[in-house]
K.L.:
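Shown below is the structure under consideration.
Note that this is a predicted model, so its numbers are computed, not measured.
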Amino acid sequence: MKRTNRNKNAKKGIALCLALALTVAGLTEWGGRAEAAAGENTGQTTDGTVSEGAVSGGVVTGSAAGTATPSASPTIDVSAYKPATPVVSVRGGSKRVRITWGKISGADGYYIYSRPSTSASFTRTATIADGSTVEYVKKSLTQNTTYYFRVSAYKKVGTEIVESGLSTAAAAKTASVAKTSKVAKKYKGKSLFTSSPAYKTYKKMKSKMNYSKSFAIPGMKNTNVAGFGCTTMIPQAICHAGSYLLISAYDDKGVDYSVIYVVSKSSKSYVTTIVLPNKAKVGGMAYDGTNVWISKGSSVASFPYSVITDAVNAGTAFTELTDYQTTCKVNTTAAYMGYYNDTLWVGAFSQSKSDMYGYRITNKETKPALSQAYTMQVPSKTQGITFNTDGTLILTRSYRVKKVKSGYISQIRTYMPVYANAGTSGKVLKNSVLATTKMPPKVEGVAVYGTYTYTLFSSSYYSSCKYPVDRVIALKTSKLV
């Protein structure tokens, strides 16, 4: 009886052990399936798009149960980095079109798409790998043909390139551009000029000028600015450089780049145009015997004189200057400029008395540099300066186009500064004015060459001016002193 009970108890123990083993095995299999299911729930669909249960930073954001298996790499929603679409404008020129657009915040660059009117599809024709560049000129186009352009912005996100939408298509037609004008804007010949209100009214100018040495300001009717026509150039500065007189001008509308007109000293006739790489006002310009200096806001920039001779020898309508040889910061806004005795003088236009600064020039032949050495006080409303070979300072002062306007002035003043007494302070005294000559409105730059002082005017641009002068007037320097 006892053996029978032992056998029954043993059988029950074996059955319980078997049952427990089967239960443990079943739980393990279920748990493995749950863990695998959680690891597969990444939210990535079969077509590569991202669903709501997407992996974010290696953490499952869906509702799967169990412990998730870490993702190999997170899925990035690149659409979140898509730049805004640019707004584009275009302008046709001679066998070229200029495309401009508004800068897109965060963009690493832009794609240019174009098509001629004979094609229905756009082709990517240029990549601008600079997010701050907002202009491109498409050249070598067919003349008298309409072209359409679209621009997109792009941004680099890891190894991906995210492109914005394409801009609305803008159209421009290529067309030939008139040559830079050589003739005077208002008074065609001597008889018309000598009958003009300015010539008859400003008698001091009349008594000191030499008409045969004077010449028409080029580009006032039209300027060919690197294949684009401009009728809104305003002349600013004049200087002599080697065999040429140089005249700077800027586009009043801010559309075209600033230019320098090259004029032969011997014939007093326009030769060619240097197109500068910016739209600065270029109120000042000077020549140090090796380099030409131009004003550029609170800086001055230089390029070698060989740029002028190469442009003349090329015999082309214009030469594009792609960059300056050097750019130097100065202590003021560079509104006018002059050169004397290895010193570049730079000053700002001011409604009151102000100082102009003299900078010593070094490394002329390689990379010109400036170091401040002098100061000189100049009168209010100074527009241009020049120095004679003996150090005589001749400056122009002007403001407003009409005498009835408050603050109006237009004149030439002459001084003889004392350079030797600058001392350690570097302060040069200009002394008292030697002579003052009343001039017609808007006298700008001034330059001494030989025995004549050449004065430049911007008045022919202003329709409200009653006494416009469309010529560079040559005045006998001895009569100004």
Side-chain angles (χ1 to χ4, degrees), residues 86-94 96-104 110 128 130-139 151 170 172 177-178 180-181 217-239 246-262 272-286 292-303 307-308 311 317-330 332-337 346 348-349 383-384 442 444-445 456 458 460-462:
V87 176
V88 174
S89 61
V90 294
R91 180 180 178 216
S94 180
R96 65 198 63 200
V97 171
R98 178 184 291 133
I99 308 106
T100 56
W101 56 90
K103 183 180 178 181
I104 299 300
Y110 305 90
I128 310 300
D130 181 0
S132 62
T133 298
V134 293
E135 181 178 294
Y136 175 73
V137 177
K138 178 65 175 172
K139 299 179 181 179
V151 178
V177 172
T180 297
S181 56
I217 304 172
M220 295 300 96
K221 285 191 172 184
N222 180 74
T223 299
N224 182 342
V225 187
F228 296 93
C230 180
T231 60
T232 52
M233 283 289 174
I234 300 181
Q236 287 292 289
I238 184 171
C239 76
L246 308 179
I247 297 173
S248 69
Y250 74 100
D251 180 14
D252 185 47
K253 303 301 181 184
V255 174
D256 286 305
Y257 285 80
S258 301
V259 300
I260 294 175
Y261 304 113
V262 181
T272 190
T273 300
I274 307 296
V275 181
L276 300 176
N278 63 326
K279 300 177 182 179
K281 194 172 182 179
V282 196
M285 187 165 49
V292 176
W293 294 83
I294 64 106
S295 61
K296 189 172 174 281
S298 59
S299 300
V300 294
S302 71
F303 59 87
V307 170
I308 304 296
F318 59 84
T319 295
E320 295 180 82
L321 182 65
T322 57
D323 200 2
Y324 296 110
Q325 182 179 21
T326 187
T327 300
C328 304
K329 283 283 186 181
V330 290
T332 186
T333 300
Y336 54 84
M337 197 182 308
V346 183
F349 177 87
Q383 292 281 6
K442 301 297 287 183
E444 301 281 354
L456 180 68
S458 63
S460 65
Y461 178 75
Y462 301 97

K.L.:
When rounded to the nearest 0.5 angstrom, what is the spacing between OG in S132 and CD1 in I104?
P.N.:
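CD1 of I104 is found 13.0 Å from OG of S132.
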K.L.:
Answer yes or no: is there a side-chain heavy-atom contact under 4.5 Å between E320 and Y257?
P.N.:
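In short, these two side chains do not touch, never coming nearer than 4.5 Å.
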K.L.:
Hey, does T322 have a side-chain heavy atom less than 4.5 Å from the side chain of P277?
P.N.:
no
K.L.:
Checking N224 against T180: is there a side-chain donor and acceptor pair closer than 3.5 Å?
P.N.:
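Checked: T180/N224 side chains show no N/O donor-acceptor pair below 3.5 Å.
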K.L.:
Is the backbone of N222 close enough, under 3.5 Å, to the side chain of S181 for a donor and an acceptor to pair up by distance?
P.N.:
yes
K.L.:
Which atom names give the shortest non-hydrogen contact between T332 and V346, and what distance separates them?
P.N.:
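What the structure gives for the nearest pair is CG2-O, 4.2 Å.
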K.L.:
Could you tell me which residues satisfy salt bridge (charged side-chain N to carboxylate O under 4.0 Å, His left out) with R96, sequence neighbours excluded, listed by chain and number?
P.N.:
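In terms of salt bridge (charged side-chain N to carboxylate O under 4.0 Å, His left out), with neighbours along the sequence ignored, R96 is linked to no residue.
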K.L.:
Got a second to check how far R91's CZ is from F228's CZ, nearest 0.5 Å?
P.N.:
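The CZ atom of F228 is 6.5 Å from CZ of R91, to the nearest 0.5 Å.
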K.L.:
So, the side chain of D256 versus the backbone of V225: is there a donor-acceptor pair under 3.5 Å, distance only?
P.N.:
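No, because the side chain of D256 does not come within donor-acceptor range (under 3.5 Å) of the backbone of V225.
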K.L.:
Where do K296 and A334 come nearest, in terms of heavy atoms and distance?
P.N.:
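Of all heavy-atom pairs spanning K296 and A334, the closest is N-CB, 4.5 Å.
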K.L.:
Whether the side chain of S299 engages the backbone of T327 through a donor-acceptor N/O pair (distance < 3.5 Å, no angle test) should be reported.
P.N.:
no
K.L.:
Calculate, to the nearest 0.5 Å, the distance between atoms CH2 and CD1 belonging to W101 and I128 respectively.
P.N.:
5.0 Å
K.L.:
Using side-chain heavy atoms (C-beta onward) and a distance below 4.5 Å, is Y136 in contact with I99?
P.N.:
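The answer is yes, as the side chains (C-beta and beyond) meet within the 4.5 Å cut-off.
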K.L.:
V275 and F318: which non-hydrogen atoms are nearest, and at how many Å?
P.N.:
CG2-CB, 4.1 Å
K.L.:
Between the side chain of S258 and the main-chain N/O of L276, is any donor-acceptor distance below 3.5 Å?
P.N.:
no
K.L.:
Would you say the side-chain atoms of S248 pair up with the backbone N or O of A237, donor to acceptor, closer than 3.5 Å?
P.N.:
yes
K.L.:
Would you say the side chains of K329 and S298 form a donor-acceptor pair under 3.5 Å?
P.N.:
yes
K.L.:
Side chains of V292 and V307: closer than 4.5 Å at any heavy-atom pair?
P.N.:
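When only atoms from C-beta onward are counted, V307 and V292 do not touch, as no gap falls below 4.5 Å.
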K.L.:
Say whether T100 and S89, considering side chains only, have a donor N or O and an acceptor N or O under 3.5 Å apart.
P.N.:
yes
K.L.:
Quick check: does any side chain N or O of K279 sit under 3.5 Å from a backbone N or O of V255, one acting as donor and the other as acceptor?
P.N.:
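Between the backbone of V255 and the side chain of K279 there is a qualifying donor-acceptor contact (under 3.5 Å).
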K.L.:
Indicate yes or no: at least one non-hydrogen side-chain atom of P218 is less than 4.5 angstrom from one of I247.
P.N.:
yes
K.L.:
Looking only at atom types and distance, does a side-chain atom of Y110 sit under 3.5 Å from a main-chain N or O of G131, one as donor and one as acceptor?
P.N.:
yes
K.L.:
Is any side-chain heavy atom of S295 closer than 4.5 Å to a side-chain heavy atom of K281?
P.N.:
no
K.L.:
Check M233 against Y461 and note the closest heavy-atom contact, atom names and distance.
P.N.:
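Answer, listing the atom of M233 first, then Y461: O-CD1, 4.0 Å.
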K.L.:
Taking all non-hydrogen atoms of both residues, which atom of W293 and which atom of M337 are closest, and how far apart?
P.N.:
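Closest approach of W293 to M337: CB-SD, 3.6 Å.
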K.L.:
I need the minimum non-hydrogen distance between A311 and T319, along with the two atoms involved.
P.N.:
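Distance-wise, the nearest heavy atoms are CB-OG1, 3.3 Å.
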K.L.:
Evaluate the side-chain proximity of I308 to F303: yes if any heavy-atom separation is below 4.5 Å, no if none is.
P.N.:
yes
K.L.:
Assess the residue pair I294 and I260 against the criterion (side-chain contact (heavy atoms from CB on, under 4.5 Å)); give the C-alpha distance rounded to whole Å, side-chain angles, the decisive distance to 0.1 Å, and a yes or no.
P.N.:
CA-CA 10 Å; I294 64 106; I260 294 175; 4.1 Å; yes
K.L.:
Measure the shortest side-chain to side-chain distance between M220 and P235 over non-hydrogen atoms and say whether it is less than 4.5 angstrom.
P.N.:
yes
